[in-house]
Amino acid sequence: MTYKAVKGIAPSCITDLISTYKPKRNFRSSNRNDLVKPSYNLKSYGFRSFSHAAPMFRNSLPQDIKSSESVNSFKKSVKIFLFKKAFGL
């Protein structure tokens, strides 16, 4: 859903929950296409909300996975990345 929201394919109610990080100055991090992690007040709910969990997961991915061309290639790349991370390959 996060990939679709960033690419503009998801419904507008989900796309509105996510915003990209755009610094006011030119930093090295401005080319990484990261998402903004909003602050939250409720520890029990806020950490698990889509608007906070989706940027945390997407920002942890390598740049080549974030810049995938299609949904299918993104899914395949994320699946390989998570299997390698889980099994230490």
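Below, each value reflects all heavy atoms present in this structure, side chains not excepted, and no hydrogens, waters or symmetry copies.
- Counting only N and O atoms by type, the side chains of Ser12 and Thr15 include no donor and acceptor under 3.5 Å apart.
- For the pair Lys76/Ile80, a side-chain contact is recorded, criterion being any heavy-atom separation below 4.5 Å from C-beta on.
- Within the model, atoms CZ of Arg58 and CE of Met1 stand 14.5 Å from one another, a figure rounded to the nearest 0.5 Å.
- Note: Ile18 CD1 to Ser51 OG = 8.5 Å, rounded to the nearest 0.5 Å.
- Between Phe81 and Ser60, the closest heavy-atom pair is CZ-O, 4.1 Å.
- No continuous path of hydrophobic side-chain contacts links Val71 to Val6 [ILVMFWY only; heavy atoms under 4.5 Å].
- Under the 4.5 Å side-chain criterion, counting only non-hydrogen atoms from C-beta, Phe57 is not in contact with Thr2.
- Asp64 contributes atom CG, which lies 10.0 Å from atom NZ of Lys66 (distance to the nearest 0.5 angstrom).
- Closest non-hydrogen pair, Ser70 versus Ser73, comes out as O-OG, 3.0 Å.
- Under a 3.5 Å cut-off, the side chain of Tyr3 and the backbone N or O of Ser68 do form a donor-acceptor pair.
- When side chains are defined from C-beta on, Leu61 counts as touching Phe74, because their heavy atoms get closer than 4.5 Å.
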